[in-house]
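Single-structure report; data block below.
One-based numbering, in listed order, for ligands and for the atoms of each. Values below: all heavy atoms of this structure, side chains included; hydrogens, waters and symmetry mates excluded.
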Amino acid sequence: MKFSWKTVLLWTLPALVVGFFLWQSVFSTAPASVGRNAASTRMTYGRFLEYLDASRVVSVDLYDGGRTAIVEAVDPELDNRLQRLRVDLPGNAPELLNRLRTSAVNFNIHPARNDGAIWGLLGNLVFPILLIGGLFLLFRRSGNLPGGPGQAMNFGKSRARFQMEAKTGVMFDDVAGIDEAKEELQEVVSFLKKPEKFTAVGARIPKGVLLVGPPGTGKTLLAKAIAGEAGVPFFSISGSEFVEMFVGVGASRVRDLFKKAKENAPCIVFIDEIDAVGRQRGAGIGGGNDEREQTLNQLLTEMDGFEGNTGVIIIAATNRPDVLDAALLRPGRFDRQVTVDAPDIKGRLEVLNVHARNKKLASEVSLSAIARRTPGFSGADLANLLNEAAILTARRRKEAITMAEIDDAVDRVVAGMEGTPLVDSKSKRLIAYHEVGHAIIGTLVKHHDPVQKVTLVPRGQARGLTWFMPSEDQSLISRSQILARITGALGGRAAEEVIFGDAEVTTGAGNDLQQVSNMARQMVTRFGMSDLGPMSLESQSGEVFLGRDWLTRSDYSEEIASRIDAQVRSIVEHCYDDARRIIRDNREVIDRLVDLLIEKETIDGEEFRQIVAEYTDIPEKEQYTPQL
Ligand code: ADP
Ligand code: ZN
């Protein structure tokens, strides 16, 4: 449980309120107990004595330790009618009791409510007890008293928000598809298990390993597997948790973390998103940098501070090694880098195998077919995919996961939740033309990935979708492939324009156009695929972040900038012309496909190609290879 001031308030406020009410009720009982059977009429003490003398008193009830009396007396002037009168007595009057005893008066002493007395005592105590209890809780949690988990209140030592797992239970077998990384890290496991073997021959055990790779590729899993294989505890924290508003908090968290780690050595310390703390120093724009630098300095100090063979190995993960401070990468710190990439087809199959272990798959399901269909998926995507498929299977009350659930799950992981289809309307027709526009170009342009299916079932933000089967090797893409993609992406807008006219085109192409611009610009500035020649005209990452490369954005002149723009425009224009021409030339089959799509909602790639082949010789598509 996390502890915070909110929790303190949550506990002490009700305590204060309850305490106050107890106190209130205890201290206000005395008069109330008399009031309950109080007589409305009062009588003076002197008068009461006279009545006693005149034997007019029938009974006396004493309350409040003898300070109040309710007297029943008869009144001869009123036909001896019984009256109830209240008398305030002057303190405890012992002679009064004697007189009552000797007279024939029926008297009764009511104790000042015994339970009340107990409550009186408790009431005096409860409030402080609650308060002290509150304080105790507070201190206990902050770790100043023994037995607390050592979190909270004093900011520095506090809230060391790292997690510790004594046993991760993860093994190398659970990590799939990243064999090179696993191999390199196998060594770390040996270091942890048998450090003597290495130190005996004078080898220096590495302190830090940097795992570099996109999210979801299994970096955390891998670090856990190292701990699991070596049988050592696993400490983890995210870099972003080091960085707080208050200067000094991050640094003290680092100190805490390392203190705990050293106490538990040998162990693994895993720092996720290390770029959040480890970014190049002295380049920040905006606040919070002093804090980050202090934290980073503390981290460096700690890493230098312990000997190589203490058995603490720090594993950090990042997707941006380029932004890390050089000091972090020096020998004796994170001097080993291990790349963890998204898996290839073989790797994907292995990951699927790992995650299919605890799932019930129908015999028709082919994991290798899934692996083929999912280029670009990370390990986490694949795990998620099988999980979604299992959920769908349960929802459909099936016994085992079939290919239908897998297909739907892929769509869902890629494009989001399925929506309800539109009713037939003009906008549905327009969307159908838009999608068929993409698909027909994808089918007729030579280097385009083949169409997998076209659908009008909305998903996520999209109201219709055309799916292509990407080829496996996505790492090397040729110029004609990129041009084909640009033309295909423009196919939707081209169809809208050719069929409905310039005035009717819609915002539906917004996303397509964004992709088009990106691809075209990268052709020019990154891949040297334009008339500007083979030049890289952009810093490696287009993304701007508050840090080092803020000020070194453009490495080129104004003149080059406008030539880039001109090149980008010409690429897009050429492709758009091609797209429109293909739409115009194939109007007949497009109309037929649109009718079919509106009727069936989804056309799969095979059927689509067959229909197109009835009208056009698909092999002839070479004639449409985009020319520039
Ligand atoms: P990262 O730390 O790289 O962002 P994680 O290790 O947190 O990724 O991966 C999230 C989940 O995805 C894991 O818990 C696991 O279920 C699954 N996963 C990711 N990569 C792999 C892999 N290579 N093998 C098996 N499962 C993986
Ligand atoms: Zn589109």
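Screening residues 493-508 for side chain to side chain donor-acceptor pair (under 3.5 Å) gives K426-E504, H434-E496, E496-T506, E497-Y576, E497-R580 as the qualifying pairs, with residues at least two apart or on separate chains.
Considering backbone and side-chain atoms together, G218 places an N or O closer than 3.5 Å to an N or O of ligand 1.
Under the 4.0 Å criterion applied to side-chain N and carboxylate O atoms, D272 and K219 are not assigned as salt-bridge partners. For the pair K428 and E601, the salt-bridge criterion is met [side-chain N within less than 4.0 Å of a carboxylate O]. Using a 4.0 Å cut-off between charged nitrogen and carboxylate oxygen, E350 and K346 count as a salt-bridge pair.
Near P215, with a cut-off below 4.0 Å to any heavy atom, the atoms of ligand 1 are 4 (O). In the vicinity of A176, heavy-atom distances shorter than 4.0 Å reach the ligand 1 atoms 22 (C), 23 (N), 24 (N), 25 (C). Listed by number with element, the atoms of ligand 1 under 4.0 angstrom from any heavy atom of K219 are 1 (P), 2 (O), 3 (O), 4 (O), 6 (O), 8 (O).
Between F468 and H448, the ring-plane angle classifies as tilted under the 30° and 60° cut-offs.
When non-hydrogen atoms are compared, ligand 1 lies under 4.0 Å from the side chain of H355 (C-beta onward) but not from its backbone. Residue contacts with ligand 1 for D174 involve N, CA, C or O but no side-chain atom from C-beta outward (heavy atoms, distance under 4.0 Å).
With the Zn ion (ligand 2) as the vertex, atom NE2 of H434 and atom NE2 of H438 span an angle of 90° (nearest 10 degrees).
Using modelled atom types and a 3.5 Å distance limit, the side chains of T402 and E405 yield a donor-acceptor pair. Of the N and O atoms on the side chains of T374 and D381, not one donor lies less than 3.5 Å from an acceptor on the other residue. Donor-acceptor pairing under 3.5 Å is recorded for the side chains of E302 and Q298.
For D512, the N, O or S atom closest to the Zn ion (ligand 2) goes by the atom name OD2.
What sits closest to atom 18 (N) of ligand 1 on the protein, heavy atoms only, is G379 C, 3.6 Å. Looking only at heavy atoms of the protein, atom 10 (C) of ligand 1 is closest to A380 CB, 3.9 Å. Among protein heavy atoms, atom 2 (O) of ligand 1 sits closest to T220 OG1, 2.5 Å. What sits closest to atom 4 (O) of ligand 1 on the protein, heavy atoms only, is G216 N, 2.8 Å. If you check which protein heavy atom lies closest to atom 14 (O) of ligand 1, you get L221 CD1, 4.0 Å.
Other residues, nucleotides and ligands contribute only 12 or fewer heavy atoms inside 6.0 Å of the NZ atom of K360.
Assignment of A317 to the shell around ligand 1 is not supported, since no heavy atom sits closer than 4.0 Å.
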